[in-house]
Amino acid sequence: MAIRTAEENMADGGGPFGAVIVRDGKVVACSGNRVVPGHDPTAHAEVMAIRMAAAAAGTHDLSDCVIYASCEPCPMCLGAIYWAGIRRVVYASDRYRAAAAGFNDNHIYQELSLENSERTIAMVRSLTGEGNRIFRLWEDLPDKVPY
């Protein structure tokens, strides 16, 4: 289904990626990559499907779900999968085949392993005290929902 979604998505102006989220054997979300049609660099198939599944379930916790993807998730999508609590990813193609087709995210994997000062994007820390104060407020918040 993820592969078919990717193919249908290309016919609709999207990229060659599809993702399906399943809970208890039932499809709860399905999406293609909508980066170009939506002018949204975060609209990858996996992220879109996670948004849909979480909205439908009324929770950010998708730990009881499996995500099926037409391709190995990129670093952003993998991060979203971790944050959603999804514990199983099944994918068809891999990042190397995606790179050969022009979707090379290897530089992101490399950047993530570097210290902030070594990255190609300037990482500037500012207002440290004020930023840390927000976390103290969070830690003291009595009715917070951890995630």
Side-chain angles (χ1 to χ4, degrees), residues 1-116 118-123 125 131-147:
M1 187 176 194
I3 294 168
R4 184 173 67 245
T5 299
E7 187 171 359
E8 291 168 357
N9 191 60
M10 287 190 299
D12 190 34
F17 302 94
V20 177
I21 296 180
V22 175
R23 174 184 289 118
D24 297 326
K26 295 179 184 160
V27 173
V28 294
C30 178
S31 183
N33 175 300
R34 306 306 293 165
V35 169
V36 173
H39 309 292
D40 181 353
T42 69
H44 290 201
E46 297 91 338
V47 170
M48 298 293 288
I50 288 169
R51 290 173 183 165
M52 294 166 63
T59 180
H60 61 279
D61 182 2
L62 301 179
S63 59
D64 58 346
C65 295
V66 175
I67 188 165
Y68 296 86
S70 62
C71 185
E72 179 180 1
C74 76
M76 177 184 69
C77 293
L78 188 56
I81 289 165
Y82 274 104
W83 278 112
I86 296 172
R87 294 186 177 109
R88 182 172 168 86
V89 178
V90 179
Y91 62 93
S93 196
D94 65 19
R95 67 175 109 163
Y96 307 106
R97 183 61 188 100
F103 298 93
N104 190 350
D105 53 15
N106 193 49
H107 67 287
I108 300 171
Y109 284 101
Q110 292 171 346
E111 287 275 318
L112 290 174
S113 68
L114 299 174
E115 292 296 323
N116 287 350
E118 298 172 341
R119 294 184 178 160
T120 58
I121 295 174
M123 301 287 292
R125 187 165 183 188
N132 290 343
R133 183 181 63 80
I134 296 300
F135 285 109
R136 285 192 301 278
L137 291 172
W138 170 258
E139 290 164 346
D140 294 338
L141 190 67
D143 56 349
K144 67 179 167 265
V145 176
Y147 59 97

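The structure displayed is predicted, hence computed values, not measured ones.
Listed for the E46 side chain is no donor-acceptor partner under 3.5 Å among the backbone atoms of A80. Between the R88 side chain and the V66 main chain, no donor and acceptor come within less than 3.5 Å of each other. In terms of modelled atom types and a separation under 3.5 Å, the side chain of S70 and the main chain of G18 share a donor-acceptor contact. Checked by atom type and distance alone, the side chain of D24 never pairs as donor or acceptor with a backbone atom of K26 at under 3.5 Å. Looking at D12, its side chain never comes within 3.5 Å of a backbone N or O of G14 through a donor-acceptor pair.
Side-chain N/O atoms of T59 and D61 include no donor and acceptor closer than 3.5 Å.
Other residues, nucleotides and ligands place no more than 12 heavy atoms under 6.0 Å from the CD atom of E7. The 12-atom threshold is not exceeded at OH of Y96, counting heavy atoms of other residues, nucleotides or ligands nearer than 6.0 Å. By the neighbour-count criterion of 12 heavy atoms within 6.0 Å, atom CD1 of I121 is sparsely surrounded, having that number or fewer from other residues, nucleotides or ligands. Atom CD of E115 is surrounded by 12 or fewer heavy atoms from other residues, nucleotides or ligands within 6.0 Å.
Looking at heavy atoms from C-beta onward, I86 lies in side-chain contact with I50 at the 4.5 angstrom threshold. Using a 4.5 Å cut-off on side-chain heavy atoms (C-beta onward), M123 and L114 make no contact. Side-chain contact check for R23 versus L62: some heavy-atom pair is nearer than 4.5 Å. In this structure, C74 and I108 have side chains that are not in contact, with every pair of non-hydrogen atoms separated by 4.5 Å or more. Residues R125 and N116 form no side-chain contact, since every pair of their non-hydrogen atoms from C-beta on lies 4.5 Å or further apart. Using a 4.5 Å cut-off on side-chain heavy atoms (C-beta onward), M1 and Y68 make no contact. R34 places a side-chain heavy atom less than 4.5 Å from the side chain of N9.
Between C77 and H44, the closest heavy-atom pair is SG-CB, 3.3 Å. In plain terms, the two heavy atoms of R87 and S63 that are nearest each other are NH1-CB, 3.4 Å. When every heavy atom of V20 is checked against every heavy atom of A2, the shortest pair comes out as CG2-N, 3.7 Å. Minimum interatomic distance between S31 and A45 (heavy atoms only, all atoms of both residues): O-CB, 3.5 Å. Shortest non-hydrogen contact noted between L112 and P75 is CD1-CB, 3.9 Å. Of all non-hydrogen atoms in G32 and M48, the two that sit nearest each other are O-CG, 4.1 Å.
A distance of 8.0 Å separates CG in D105 from CD in E72, rounded to the nearest 0.5 Å. Note that OG1 of T5 and CG of N33 are 12.0 Å apart. Values are rounded to the nearest 0.5 Å. How far CD1 of I21 is from CZ of R51: 11.5 Å, rounded to the nearest 0.5 Å. Atoms CD and CG, from E111 and N106 in turn, are 11.0 Å apart once rounded to the nearest 0.5 Å.
Listed by chain and residue number, nothing satisfies the side chain to side chain donor-acceptor pair (under 3.5 Å) test with R97 (two or more places apart in sequence, or in another chain).
For residues 7-27, the set of pairs meeting the ring pair (Phe, Tyr, Trp, His ring centres under 6.0 Å) definition, not counting sequence neighbours, comprises F17-F103.
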